[in-house]
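Structure record follows, encoded as C-alpha cells.
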2 protein chains.
Amino acid sequence: MKDEFVPYLVHIARLGGASRLVALSTRALGQAVNRSQQTASRVLGQMQKNGLIVRRKRGRTQELKLTEKGVRELRTLYLTLSDIFKSHTIEGKVFTGLGEGAYYVSQDGYRRQFKEKIGFDPYPGTLNITVIRSEDVRQLAQLYGVEIEGFVAGSRTFGGGKAIPANIAGRVFGAVFIPDRTHYPPDVVEVVAPVNLRQALMLKDGDTLTVTVPYFPA
Amino acid sequence: MKDEFVPYLVHIARLGGASRLVALSTRALGQAVNRSQQTASRVLGQMQKNGLIVRRKRGRTQELKLTEKGVRELRTLYLTLSDIFKSHTIEGKVFTGLGEGAYYVSQDGYRRQFKEKIGFDPYPGTLNITVIRSEDVRQLAQLYGVEIEGFVAGSRTFGGGKAIPANIAGRVFGAVFIPDRTHYPPDVVEVVAPVNLRQALMLKDGDTLTVTVPYFPA
DNA sequence: ATTACTACGTTACGAGTAT
DNA sequence: TATACTCGTAACGTAGTAA
C-alpha cells in the first residue's frame, strides 16, 4: 500500500467507514488530509482500484467504506505501532539457579554499568525466571534493551548482554538481564533490582512473577 | 510531516531508535522500507532537516535516533489508530429514569430495527446511566453507532438515534442507545439488552455499570 | 452544490557515480 | 564497504474546467 493512502484511510475509518458506508465528499476528505479536492478524487480512484475501499454513488454524491483489505492494512500499521508504544509484560516462573548471578552482579564491571546506564545499584543476587508468556523477549531487548558490555576482571572474562529497565511485580523498579551467552535455555532470563526481590516480594520457587516493560523514550 | 516519512520512522523505532542511537545504514534502511539506498539517504536528510531524527556519523557509517518530535509524531499516529482499533469502555451510574424507555422499546418501530440491525429483541425496558468516564460517547457513536430511524405510530412521533452494539458488564450482549434528541442531559444514555438488566445483573440505583464497545468491523 | 478530466509545475525514485 | 551527488523518468498536487 502506498504511504500516500494512510491519512485517507485513517480519516474514513474515523468517520466509521471501517464498518459501514459513510457519506464523504472529495472536497471534505481532501480538506481533512490537507489536500485539494482533485487530489482526493485521484487517490480515492487509486484506493478503489487497489481494493482498499468501496464507493457507492448517490446521485452526485458518494458514500465510502473500507474493504476488509483496507481495514487489515490499517490494522497492520496499528499493530506495528502498538509493538513500539504500548507496555509489554513478561510473565515467568521463579526458580533457583546456580547462584552465580550474585557473584556476577557484585562485580564492579557490572555494578558501574547498571548504575550509569539504568540508574540503580543492583542487589548482589539475581532472580532466575523461566519465561512463560511474553512477546518475544529478544525483540523487546532490541527495542528497549541497554547494552551491558562484557569485561575482564583478573583472569576471568564476564560476558555482556542486554538489560531492559522494567517494573517488577508492579512494585520495584529493576531490569531484566538477557545475557548474550548463557548455559541456560534461551527462555531463562535474570531479574535484577536494587533490593532482594525474593525477600521484598516474598517469592519462592514456582511462583509466577510479572514484569512490565513500560514505553519510555529515554 | 510527510506521509513518506512514516515507514522510515517506524523502522528506526522498531530497532530501538525511539530511545537510543541505533546503527543503521542507508542501504539497510532503504531495503527495510522497500526503497533504494539513494532514496533512504535523501529521506534521512529531509527528516533531519525537519527535526525528526538525529544522526551521528561514525567514520563512514552512521547512527540514528528519533528526536522527541519524531517520537511525538509517530505516537500521534499510534493514538489516532488506537481510537479506531482498540476496545472502548463506558462507565456509568445507574439511575431510575421516567420509565418511558419501556414504552419506547416495546414499540414495533424500534423492536424491528434492533432485531434487524443489531441482532436482538430488546427487553421492554431500558436502563438509564449517567456516563462517568468514557472517551466521548458521541464520537464512539459516530465510529460504531448504527442508525436507528425515528418513526410515527398513531399520532405520536418517536425520535431516532444511534445504537452502539456493546458488551454489558462483561456478560450480556446489548447496545447503548443515544437518542438524537432527549430531555435528559447529554451524558445520559440508555442501555438496551435482550434481558432485564436490573434483574440479570442485580443492579440498583447508584451502581456503576461498565459497558465495553469492542472493535468489530461488521 | 457534486466528481473527475487535462495540463503542467513540483517532488520522488533510483541508476550511475563521486567521495 | 560507507554516504550522497546528478539527472532522466515517473508520480504527485492542483488550478482550471467539463459534466
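Labels below follow one simple rule: chain letters A, B, ... track the order of the sequence lines, proteins then strands, and each chain is numbered from 1. Because only heavy atoms are used, hydrogens play no part in the values below, and waters and symmetry mates are left out as well, while side chains stay in.
Side-chain nitrogen and oxygen atoms of Thr39(A) include at least one within less than 4.0 Å of the OP1 or OP2 phosphate oxygen of dT14(D). Put simply, Ser41(A) has no side-chain N or O that comes within less than 4.0 Å of OP1 or OP2 on dT3(C). At the phosphate of dA12(C), OP1 or OP2 sits under 4.0 Å from a side-chain N or O atom of Lys2(B). Contact annotation: Lys57(A) does not reach the phosphate of dT2(C) (side-chain N/O to OP1 or OP2, under 4.0 Å).
Atom CD of Gln38(B) and atom C1' of dT19(C) are 14 Å apart (whole Å). Whole-Å rounding puts the Gln62(A) CD to dT2(C) C1' distance at 9 Å. Computed from coordinates, the Arg35(A) CZ to dT3(C) C1' distance equals 19 Å when rounded to whole Å. Rounded to whole angstrom, the span from the CG atom of Leu64(B) across to the C1' atom of dA2(D) amounts to 13 Å. Between the CD atom of Gln31(B) and the C1' atom of dG14(C) there is a distance of 15 Å, given to the nearest Å. We find that CZ of Arg42(A) is positioned 5 Å from P of dC12(D), with the value rounded to whole Å. A straight line from CG of Leu44(A) to C1' of dC12(D) spans 15 Å, rounded to a whole angstrom. Across the protein-nucleic acid pair, Glu63(A) atom CD and dT2(C) atom C1' stand 14 Å apart, rounded to whole Å.
Counted by atom type alone, Thr210(B) and Glu91(B) present zero donor-acceptor pairs between their side chains at under 3.5 Å.
Using cut-offs of 30° and 60° for the angle between ring planes, the Tyr78(A) and Tyr78(B) rings count as parallel.
Comparing Asn34(A) and Arg27(B) against DNA chain D, the residue whose closest nucleotide sits nearer the 5' end is Arg27(B). Residue Gln46(B) is the one, among Gln37(B) and Gln46(B), whose nearest nucleotide of DNA chain C lies closer to the 5' end (criterion: closest heavy atom).
The minimum heavy-atom distance between Thr212(B) and Ser87(B), with the atom names listed, is CG2-CB, 4.3 Å.
Using a 4.0 Å cut-off between charged nitrogen and carboxylate oxygen, Glu4(A) and Lys2(B) do not count as a salt-bridge pair.
Of the candidates dT3(D), dT11(C), dA2(D), dA2(D) carries the atom nearest the Arg60(B) side chain, counting heavy atoms from C-beta on.
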Show the numbers, then the answer: is there a salt bridge (charged side-chain N to carboxylate O under 4.0 Å, His left out) between Lys162(B) and Glu147(B)? CA-CA 5 Å; Lys162(B) 285 218 163 80; Glu147(B) 195 69 39; 3.7 Å; yes
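Within the nucleic acid shown, Ser25(B) comes within 4.0 Å of sugar-phosphate atoms alone, with no base atom in reach, counting heavy atoms only. Heavy atoms of Arg58(B) sit nowhere under 4.0 angstrom from any nucleic acid atom. Contacts of Glu4(B) with the nucleic acid, taken as non-hydrogen atoms under 4.0 Å apart, involve only primed sugar atoms and P, OP1 or OP2.
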